[in-house]
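This report refers to the structure that appears directly beneath it.
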Amino acid sequence: MKLTIIGYLGGYPAAGVATSAYLVESAGYRLLMDCGSGALLALEQVADPFSLSAVLLTHYHHDHMADVGVLQYYYQLHSGTKQVSPLPIYGHTKDPLNFASLTFGAFTQGVGYTADSVLDLGPFQLTFLETQHPVPAFAVRILERASGKVLVNTSDTRAFAGLAPFAAGADWLMADTNFLADAQPPLWHLTAPQAGELAQAAGVKHLLLTHLPQEVSLAELKAQAQAAAGPAIPVQLASDVREIEF
């Protein structure tokens with residue numbers, strides 16, 4: 001399995017960096033997980049957008065889906081050969097208006113999922129957990145069937161008890177880490193210590209801090225997460241790594 005970080009900021013793009021967007025690949029299958037602001041330009045730097053096999057949206061906040069519309073226009077207007085047509089865009093069905101927007105003519109097709117769904121996408125099997133956020137949002141667990149490797153993305157969420165069982169034993173945990181320890185409630189994202197505590201409780205092998213803030217010391221964010229995770233679980237910032245293969 002290969003994870004390429006297309007965009008890692010929360011809220012809004014900054015300094016040429018896109019918001020949440022991640023490319024997950026195996027055996028020629030390319031899944032774009034979230035498609036935030038600036039994602040299409042960033043994607044074009046590493047892959048042909050027509051080479052996508054599918055898109056998966058964890059929820060419908062703009063920093064996770066802002067570039068879906070321009071990706072749809074790309075599929076409508078750009079010349080070239082598409083790997084699949086229409087491009088499937090997987091999104092949850094708890095928001096009918098936003099889900100309906102995923103279908104765009106003959107170019108993209110919205111495909112619904114729920115918390116109980118099990119999706120078999122190419123070499124991957126995906127399962128979901130609804131998180132705690134102001135809008136419906138879903139963590140996703142991606143199993144590469146051939147190897148047994150597991151990638152878990154918390155999506156946007158505050159800390160709650162169900163996250164650790166869902167992430168249990170993952171090779172890589174992508175944790176929504178938007179705050180330092182002293183952040184004041186209400187907290188709809190994890191603090192750095194909470195991300196580290198989650199990694200430890202779930203027994204994951206690696207922790208990747210994602211959905212990063214623009215105006216906080218990322219070195220301090222990493223240090224706080226590492227202290228909570230303990231020395232046995234390496235912690236990395238999404239800002240410090242472009243590709244991860246495992």
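These values consider heavy atoms only, across backbone and side chains, with no hydrogens, waters or symmetry-generated copies. Note that the coordinates shown come from a computational prediction; the quantities given were computed from them, not determined experimentally.
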Salt bridge (Lys or Arg N to Asp or Glu O under 4.0 Å) evaluation trace for Arg30 with Glu25: CA-CA 5 Å; Arg30 284 182 160 169; Glu25 301 176 76; 2.7 Å; yes
Side chain to side chain contact (heavy atoms under 4.5 Å, CB included) evaluation trace for Trp172 with Ile244: CA-CA 9 Å; Trp172 280 89; Ile244 296 170; 3.5 Å; yes
Trace of the side-chain hydrogen bond (donor to acceptor under 3.5 Å, both in side chains) decision for Gln72 with Thr108: CA-CA 7 Å; Gln72 289 171 325; Thr108 65; 3.0 Å; yes
Stepwise side-chain hydrogen bond (donor to acceptor under 3.5 Å, both in side chains) check, Ser26 with Glu144: CA-CA 8 Å; Ser26 177; Glu144 183 183 45; 2.5 Å; yes
Verdict with supporting geometry, Tyr12 and Asp63, side chain to side chain contact (heavy atoms under 4.5 Å, CB included): CA-CA 6 Å; Tyr12 59 92; Asp63 53 339; over 6 Å; no
Working for ring pair (Phe, Tyr, Trp, His ring centres under 6.0 Å), residues Tyr113 and Phe138: CA-CA 10 Å; Tyr113 69 80; Phe138 289 81; 5.5 Å; yes
Pair Phe104-Tyr75, ring pair (Phe, Tyr, Trp, His ring centres under 6.0 Å): steps then yes or no: CA-CA 10 Å; Phe104 180 64; Tyr75 267 67; over 10 Å; no
Residue pair Arg158, Gln132: steps toward the side-chain hydrogen bond (donor to acceptor under 3.5 Å, both in side chains) verdict: CA-CA 6 Å; Arg158 65 181 177 185; Gln132 296 186 5; 2.9 Å; yes
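Between Leu190 atom CG and Phe179 atom CZ the span is 9.5 Å, to the nearest 0.5 Å. With rounding to the nearest 0.5 angstrom, the OG1 atom of Thr157 is 12.5 Å from the CG atom of Asn178. Atoms NZ and CG, from Lys205 and Asp171 in turn, are 4.5 Å apart once rounded to the nearest 0.5 Å. To the nearest 0.5 Å, atoms OG (Ser79) and NZ (Lys82) are separated by 9.0 Å. For the atom pair Arg141 CZ and Thr127 OG1, the distance stands at 6.5 Å (nearest 0.5 Å). With rounding to the nearest 0.5 angstrom, the CG atom of Asp182 is 5.5 Å from the CG atom of Leu180.
Using a 4.5 Å heavy-atom cutoff, the side chains of Leu31 and Leu121 are in contact. Annotation: side chain of Ile89 is in contact with side chain of Leu57 (closest heavy-atom distance under 4.5 Å). The shortest distance between side-chain heavy atoms of Val152 and Ile142 does not fall below 4.5 Å. No side-chain heavy atom of Phe107 sits less than 4.5 Å from a side-chain heavy atom of Leu87. Using a 4.5 Å heavy-atom cutoff, the side chains of Leu198 and Leu173 are in contact. With a 4.5 Å cut-off on side-chain heavy atoms, Gln83 and Leu52 do not count as touching. Under the 4.5 Å side-chain criterion, counting only non-hydrogen atoms from C-beta, Glu243 is in contact with Lys2. For the pair Met1/Ser147, no side-chain contact is recorded, criterion being any heavy-atom separation below 4.5 Å from C-beta on.
Phe99 has its ring centre no less than 6.0 Å from the ring centre of Tyr60. When ring centroids are compared, Phe128 and Phe166 stay outside the 6.0 Å threshold. In this structure, the ring of His64 has its center less than 6.0 angstrom from the ring center of His211.
Among all heavy-atom pairs drawn from Gly28 and Ser53, the shortest one is O-OG, 4.2 Å. Residues Gly11 and Thr19 approach most closely at C-CG2, 4.0 Å, considering heavy atoms. Contact detail for Leu221 and Pro213: the closest heavy-atom pair is CD2-CD, 4.1 Å. Across all non-hydrogen atoms, the minimal contact from Ala18 to Ala42 is CB-CB, 4.5 Å. The two residues Leu126 and Leu56 have their closest heavy-atom pair at CD2-CD2, 3.8 Å. Annotation for Leu207 and Ile233: closest pair N-CG2, 4.1 Å, computed over non-hydrogen atoms.
Enclosure of atom CZ in Phe246 by more than 12 non-hydrogen atoms of other residues, nucleotides or ligands within 6.0 angstrom is indicated.
Partner of Ser155 under the side-chain hydrogen bond (donor to acceptor under 3.5 Å, both in side chains) criterion, chosen from Thr210, Thr58, Asp176: Thr58.
There is a path of hydrophobic side-chain contacts, each under 4.5 Å, that joins Val235 to Met174. In this structure, Leu208 is a member of the same hydrophobic cluster as Val17, with clusters built from ILVMFWY side-chain heavy atoms closer than 4.5 Å. Linking ILVMFWY residues whenever their side-chain heavy atoms come closer than 4.5 Å, directly or via other members, leaves Leu71 and Val24 in distinct clusters. Grouping the Ile, Leu, Val, Met, Phe, Trp and Tyr side chains by contacts below 4.5 angstrom, directly or via other members, places Val68 apart from Val140. Both Leu77 and Val84 are part of a single hydrophobic cluster, where members link through side-chain heavy atoms under 4.5 Å apart.
The backbone N or O of Ala181 sits less than 3.5 Å from a side-chain atom of Gln224, completing a donor-acceptor pair. With hydrogens and angles disregarded, no donor-acceptor distance shorter than 3.5 Å links the side chain of Gln214 to the backbone of Pro13. Between the side chain of Asp67 and the backbone N or O of Val70, no donor-acceptor pair lies under 3.5 Å. A donor-acceptor pair under 3.5 Å is formed between the side chain of Arg145 and the backbone N or O of Gly122. A donor-acceptor pair under 3.5 Å is formed between the side chain of Gln194 and the backbone N or O of Thr191. A donor-acceptor pair under 3.5 Å is absent between the side-chain atoms of Tyr8 and the main chain of Asp240, judged by distance alone. Although no hydrogens or angles enter the test, the distance criterion places a donor-acceptor pair under 3.5 Å between the side chain of His92 and the main chain of Lys94. A donor-acceptor pair under 3.5 Å is formed between the side chain of Thr131 and the backbone N or O of Ala137. Between the Ser20 side chain and the Asp34 main chain, no donor and acceptor come within less than 3.5 Å of each other. Side-chain atoms of Ser101 come within 3.5 Å of backbone N or O of Asn98 as a donor-acceptor pair.
Relative ring orientation between His78 and Phe50 is described as perpendicular, the plane-to-plane angle rising above 60° on a 0-90° scale split at 30° and 60°. His189 and His133 have perpendicular rings, their planes meeting at more than 60° on a 0 to 90° scale where under 30° would count as parallel. Ring orientation note: the planes of Phe124 and Tyr29 are nearly perpendicular, at an angle over 60° on the 30°/60° scale.
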